[in-house]
Structure formats: C-alpha cells, structure tokens
Amino acid sequence: MTDCSVVDLLSGKFSVGQVVKVKGWVRTRRDSKAGISFVAVYDGSCFDAIQAVVPNSLSNYEEVLRLTTGCSVMITGEVVESPGQGQAFEIQATGVEVIGWVEDPDTYPMAAKRHTVEFLREHAHLRPRTNLIGAVARVRNSLAQAIHRFYHERGYIWVSTPIITASDTEGAGEMFRVSTLDLENLPRNDQDAVDFSQDFFGKESFLTVSGQLNAETYACALSKVYTFGPTFRAENSNTSRHLAEFWMMEPEVAFADLDDVAALAEDMLKYVFKAVLEERGDDMAFFAQRIEKQAISRLESFISKDFAQVDYTDAIEILLQSGRKFEMDVSWGIDMSSEHERYLAEEHFKAPVVVKNYPRDIKAFYMRQNDDGKTVAAMDVLAPGIGEIIGGSQREERLEVFDARLEEMGLNKEDYSWYRDLRRYGSVPHSGFGLGFERLVSYVTGMSNIRDVIPFPRAPKQADY
RNA sequence: UCCCCAGUAGCUCAGUUGGUUAGAGCGGUGGACUGUUAAUCCAUGUGUCGUUGGUUCAACUCCAACCUGGGGAGCCA
C-alpha cells in the first residue's frame with residue numbers, strides 16, 4: 001500500500017490496479033442508490049479533488065453517509081480508470097477511515113458553496129481549505145520558487161537583509177518601533193526624553209521598510225544580489241493594494257545602469273509568468289473562470305510582447321495630448337497620481353509600461369542624477385489594474401554628487417556613514433529595484449484585494465490570527 | 001487619514017415611508033432519485049435586524065457617536 005498525494009493520482013503516476021492510500025479532506029459527498037457514495041477528497045497538492053467510490057458493503061458505510069465538507073479522512077483502495085466524466089482516475093475504496101469529524105456541519109463556515117472574499121478573510125484559519133485560497137497559495141508558492149530559480153540560474157546571491165534596523169533614515173515611510181522598554185514605565189534622560197540607550201539595541205530601532213541599502217553593500221562586493229523577505233510599513237493605508245507587512249524582492253546589481261535593471265525586471269516577470277502558467281495551469285484556469293477572465297491570456301500576451309517603455313517627460317506629454325480631463329492637472333514635475341498611471345497602463349499602452357527618468361524633486365535622495373540636472377535615473381513599472389508593481393533606480397555612486405544631494409535635502413551625512421563608505425572605497429555604478437510580491441500575486445491571479453493573496457494579512461486594525 | 005456606500009438567518013441578500021406573527025435563495029437536516037460530478041426534485045429549521053446612547057407611548061426602521069467591511073483618494077511595493 002502506497003501513500004500518495006492527489007496530484008500524483010490524478011496525473012497518472014500510479015498505475016491502474018495499484019492499491020493506494022490517500023489522506024485529505026472531504027470536499028463533497030454524493031450518494032447513489034446504486035449502493036455507492038462518491039466522496040471528493042482534496043489534499044491541497046493540486047486544484048482538483050480525487051473521487052473515491054465507496055461501496056455500501058464497507059462495514060462503516062453508515063459513517064460514510066454522515067461525511068460532510070471538511071471532514072478529514074484516510075481512504076484506501078484501488079486506482080481505477082473512471083467511467084464518469086471529469087476525471088481520468090478514481091479510487092475504488094476498500095476502506096474509509098474518518099480521522100476528524102466536523103462537529104456541526106450547519107455552522108461550519110467553509111461550506112461547499114461560493115463565499116465572498118470578505119467573509120473568507122474573517123476566517124483566515126479556515127480559508128485555505130477553499131478552492132480559491134488554496135489556488136492562491138499554490139500560485140504564490142510557484143511565483144516565489146520561480147523568482148529564486150530565476151536569480152539562481154543567473155548567478156545572483158540571495159542576501160538576507162535584516163528585519164530589524166537601527167537606522168531610521170531609510171526614508172520609505174512610517175516605521176514600526178522595536179523595543180523591549182517597559183511602556184508603562186519609560187526610562188528618561190536628562191532632557192526628560194525617552195532614554196533609548198537603555199533599550200535592547202542601545203538606540204532606537206525599527207522594523208525594516210526596505211532591504212535596499214543593506215543589499216547595496218553586498219552588491220558592491222558580490223556584484224549580483226537580491227533580497228526576498230518581509231517588509232513593514234506603519235502607514236495608515238486602507239486600500240486593496242497596501243499591507244503593513246508584505247514581502248518584497250529587491251535585486252541590486254553592480255556595474256548596471258537603469259536600462260540594465262529595467263531589462264532585468266522584464267526578463268524576471270516574463271520568466272515567473274511562464275513558470276506559473278506551466279506549473280499551475282489548473283489554478284490559473286480557475287482564476288480565469290471565476291475571478292478574472294483575462295487571467296491567463298494577459299500573462300501569455302505579457303510574455304510574448306516587449307515592455308512599453310517611456311520617459312517621464314514623454315509620458316507627461318502623452319497625458320497632456322490625451323484630451324482627457326484629469327482630477328489632478330498634468331504638468332512636468334508632478335508626481336503622477338493613480339489616475340495618470342492607470343491611463344498610461346490601461347488605456348494608452350494597454351500593457352505594463354516602464355516609466356523612466358523622473359524629476360529629481362519627487363524622488364529619493366539615493367537616486368542617480370541625470371546629466372540634464374532635472375531628472376534622476378528612476379523607473380516605475382506600472383501594471384494595468386494594479387498600478388505600481390515595481391519601483392527602482394540607478395543609485396548615485398559619485399560621492400560628491402551624493403553629498404551635495406544630502407545637504408540639499410537637509411539630511412545628515414553622519415547618518416549615512418556606512419552607505420557613503422560604498423562611494424568612498426571602490427565605488428561602482430549600480431542599480432536595483434523593488435518588487436511588491438503580493439502585488440505580483442494579485443496581478444497574476446486577478447485577486448483584486450491584496451489581503452487575499454497573503455495568508456494572514458496585516459493592515460491597520462487587522463492583525464488577527 | 002479624507003470622501004462615498006454598506007452592516008438583517010451559517011452564507012448572499014430583499015424588506016419594514018416607526019406599530020401585533022421579519023422574508024427569499026444557497027448551505028445544513030430529512031426524504032425521493034441517480035456512476036454521481038458545489039447533481040436534480042420534494043420537505044424543513046433558524047434571527048439579541050453591527051455596538052452604544054438619544055428621540056418616542058412604541059425603534060430593526062429616525063438621530064448621533066463609535067466599530068467593521070467595500071469602492072475611490074493620498075502614501076507607496
């Protein structure tokens with residue numbers, strides 16, 4: 001008797017006649033007066049369930065008749081070709097052992113019926129049992145594995161950048177404080193300010209908002225690196241595209257300019273989309289059927305076409321020429337708002353688009369100044385329906401230019417001492433970008449709320465489970 | 001955080017222009033039927049009507065605040 005997963009059974013890894021054992025949960029049960037019951041069992045290994053045909057001759061057939069959605073079972077039996085529609089193989093059961101009953105089927109939240117994603121979110125511990133969230137989990141995994149594979153195949157080193165940081169200079173948003181001080185009884189210094197020298201790290205510390213600055217140090221030694229891990233933003237963002245805890249993937253490449261990493265972003269996205277179409281055709285078919293009709297076709301089209309690329313300056317011109325009345329007026333120098341980005345990606349280009357070379361005044365201190373004196377070598381990748389999925393730049397590697405920029409922005413040189421060292425000792429041009437992993441999963445699956453593509457979403461007022 | 005909308009059975013919703021007994025579909029349960037495919041057909045139960053306070057003879061229905069969710073905006077990934 002061989003233990004086997006549902007995916008192995010359905011894909012024909014076991015030959016007809018073999019006796020197997022399957023463990024999983026009941027999706028549905030149908031009884032026939034012909035003296036048999038059909039029990040669909042899933043184990044998460046693929047979208048579909050395996051159908052077990054259970055004869056009423058089993059000694060515990062009475063139990064089988066009481067099986068409901070969610071019961072856990074172990075079924076033994078012979079692999080047979082299925083005479084019915086919908087599956088190639090099924091199991092002719094010779095034994096059904098009920099491992100765990102559902103204590104009250106009437107109130108079991110995950111009934112075999114359609115639920116709203118909002119309802120599922122309120123039962124985050126049970127929602128992975130649904131077709132929908134199970135499919136999201138498998139696609140998410142497929143994408144994560146493909147990202148690692150992509151970089152590994154190209155000689156990139158995965159660098160684990162710290163989650164706790166003592167520098168509050170990362171500048172990418174509000175940070176969560178990390179402290180072991182007693183909030184009820186805070187130590188005070190001479191100035192009656194909180195005395196962080198008594199805190200765990202001897203200074204103020206926070207959860208990271210980006211691994212970029214740390215990744216740069218490794219890129220300036222190992223040439224091609226990337227980070228992939230959790231990131232935290234304490235912004236009070238209540239949208240379908242923001243999380244307080246999310247996963248970000250950030251490549252950082254020495255001797256690379258903005259165009260190099262724009263090309264890298266395109267290659268990487270095409271690679272992982274191709275992988276998910278190959279590996280998770282079952283789940284993707286479900287998304288196409290139930291969530292987003294274009295789920296598969298838009299990925300196929302994405303893979304086969306070149307990215308649209310446009311300079312910020314030209315993008316502004318496109319918006320001005322569009323004849324469209326926008327809420328926010330368009331002029332060179334504005335930080336484009338959602339409506340502008342959506343127009344570019346969804347209406348003008350009708351495809352993901354890379355916007356490059358933004359005005360320096362609206363971008364971060366570390367981005368490389370262009371020769372025009374007005375713009376920096378920054379890029380955003382805008383995806384239809386999601387908006388900004390990637391943000392990146394070439395980093396300023398010239399110490400004197402960097403210092404001038406710090407001063408201009410009123411930032412303290414001492415706070416960036418180790419970051420400046422990279423520019424003092426064997427500085428090299430380098431570039432990188434950040435990909436919001438959940439936004440990627442959102443785009444691929446068509447799931448419109450980012451809280452449904454991460455197992456346990458953290459957002460303002462939301463940290464249950 | 002701002003603007004708009006919503007919160008009624010396990011789920012999805014309808015409804016009450018304030019007044020005795022609050023409805024439907026789905027799910028569950030019982031039955032019929034069937035190598036079936038969230039199957040089909042018949043029957044069947046269920047509700048502190050988001051929370052707190054106010055107005056009123058009377059509130060699920062009106063008012064206020066709050067909480068939660070959705071859509072949009074800002075911030076960004």
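Chain letters run A, B, ... following the sequence lines, proteins first, then strands; residues in each count from 1.
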Taking only the [atom1] atom of each, what is the distance from [N] to [M] in whole angstrom?
{"N": "B:A64", "M": "B:G25", "atom1": "P", "answer": "36 Å"}
{"N": "B:G45", "M": "B:A9", "atom1": "C1'", "answer": "10 Å"}
{"N": "B:C67", "M": "B:U52", "atom1": "C1'", "answer": "10 Å"}
{"N": "B:A59", "M": "B:C3", "atom1": "C1'", "answer": "29 Å"}
{"N": "B:A14", "M": "B:C5", "atom1": "P", "answer": "16 Å"}
{"N": "B:U8", "M": "B:G74", "atom1": "C1'", "answer": "34 Å"}
{"N": "B:G53", "M": "B:C13", "atom1": "P", "answer": "29 Å"}
{"N": "B:A38", "M": "B:A43", "atom1": "P", "answer": "24 Å"}

How many Å lie between [atom1] on [X] and [atom2] on [N], as a whole number?
{"X": "A:Glu252", "N": "B:A77", "atom1": "CD", "atom2": "P", "value": "14 Å"}
{"X": "A:Gln462", "N": "B:C67", "atom1": "CD", "atom2": "P", "value": "15 Å"}
{"X": "A:Lys33", "N": "B:G31", "atom1": "NZ", "atom2": "P", "value": "8 Å"}
{"X": "A:Arg241", "N": "B:C75", "atom1": "CZ", "atom2": "P", "value": "11 Å"}
{"X": "A:Arg233", "N": "B:G74", "atom1": "CZ", "atom2": "C1'", "value": "15 Å"}
{"X": "A:His115", "N": "B:G27", "atom1": "NE2", "atom2": "C1'", "value": "8 Å"}
{"X": "A:Ile450", "N": "B:C76", "atom1": "CD1", "atom2": "P", "value": "16 Å"}
{"X": "A:Asp104", "N": "B:G27", "atom1": "CG", "atom2": "C1'", "value": "12 Å"}

Listed nucleotide nearest any side-chain atom of [X], set [options]:
{"X": "A:Glu388", "options": "B:C76, B:G35, B:U37", "answer": "B:C76"}
{"X": "A:Lys461", "options": "B:U68, B:U36, B:A77", "answer": "B:U68"}
{"X": "A:Arg342", "options": "B:U12, B:U36, B:G72", "answer": "B:G72"}
{"X": "A:Glu235", "options": "B:C75, B:G69, B:C76", "answer": "B:C75"}

Report task. Give me the ring orientation class for A:Tyr343 and A:Phe326: parallel if the planes are under 30° apart, tilted from 30 to 60°, perpendicular past 60°. Result ->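 Taking A:Phe326 first and then A:Tyr343, their aromatic rings stand perpendicular (interplane angle over 60°).
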
Report task. Check the angle between the aromatic planes of A:Phe228 and A:Phe437 and answer parallel, tilted or perpendicular using the 30° and 60° thresholds. Result ->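 Aromatic pair A:Phe228/A:Phe437 classed perpendicular.
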
Requested in this report: Would you indicate whether A:Met328, at its atom CE, is surrounded by more than 12 heavy atoms from other residues, nucleotides or ligands within a distance under 6.0 Å?
Outcome: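 12 or below, so no.
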
Report task. Determine whether more than 12 heavy atoms belonging to other residues, nucleotides or ligands lie under 6.0 Å from atom NE2 of A:His125. Result ->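 Atom NE2 in A:His125 is packed in, count exceeds 12.
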
If you look at every strand shown and take non-hydrogen atoms under 4.0 Å, does [X] touch a base, only sugar-phosphate, or nothing?
{"X": "A:Thr68", "result": "sugar-phosphate"}
{"X": "A:Ile390", "result": "sugar-phosphate"}
{"X": "A:His242", "result": "base"}
{"X": "A:Ser338", "result": "sugar-phosphate"}
{"X": "A:Glu438", "result": "nothing"}
{"X": "A:Asn449", "result": "sugar-phosphate"}
{"X": "A:Glu327", "result": "nothing"}
{"X": "A:Gly391", "result": "sugar-phosphate"}

Go ahead and name the base partner of [N]; Watson-Crick or wobble counts if both distances stay under 3.5 Å, otherwise write none.
{"N": "B:U20", "result": "none"}
{"N": "B:U68", "result": "B:A6"}
{"N": "B:U1", "result": "B:A73"}
{"N": "B:G35", "result": "none"}

Taking the six-membered ring for Trp, are [X] and [Y] ring centroids under 6.0 Å apart?
{"X": "A:Phe232", "Y": "A:Phe206", "result": "no"}
{"X": "A:Tyr419", "Y": "A:Tyr366", "result": "no"}
{"X": "A:Phe365", "Y": "A:Tyr416", "result": "yes"}

**Report entry** Spacing of A:His123 atom NE2 and A:Arg129 atom CZ [to the nearest 0.5 Å]
**Finding:**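 A:His123 atom NE2 to A:Arg129 atom CZ measures 12.5 Å (nearest 0.5 Å).
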
Checking only heavy atoms, does the side chain of [X] share a donor-acceptor pair with the base of [N] at less than 3.5 Å?
{"X": "A:Ser237", "N": "B:C75", "value": "yes"}
{"X": "A:Asp31", "N": "B:U34", "value": "no"}
{"X": "A:Glu122", "N": "B:U68", "value": "no"}
{"X": "A:Arg30", "N": "B:C33", "value": "no"}

Residue-phosphate contact under 4.0 Å: [X] side-chain N/O, [N] OP1/OP2:
{"X": "A:Arg114", "N": "B:G10", "value": "no"}
{"X": "A:Gln51", "N": "B:G35", "value": "no"}
{"X": "A:Ser337", "N": "B:G74", "value": "yes"}
{"X": "A:Thr28", "N": "B:A38", "value": "no"}

Query raised in the report: Does A:Glu252 pair with A:Arg395 as a salt bridge, N-O distance under 4.0 Å?
Result: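 A:Arg395 and A:Glu252: salt-bridged.
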
Query raised in the report: Taking for each residue the nucleotide of RNA chain B with the nearest heavy atom, is it A:Glu90 or A:Thr239 whose nucleotide lies nearer the 5' end?
Result: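 Looking at the nearest nucleotide for each, A:Glu90 comes out on the 5' side.
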
Query raised in the report: Relative to the 5' end of RNA chain B, which residue comes earlier, A:Ala244 or A:Pro83, by the nucleotide with the nearest heavy atom?
Result: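 Closer to the 5' end of RNA chain B: A:Pro83.
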
Requested in this report: Indicate whether A:Phe246 forms a stack on B:A77; treat it as stacked only if centroid distance is below 5.5 angstrom and interplanar angle below 30 degrees.
Outcome: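 Answer is yes, a stack.
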
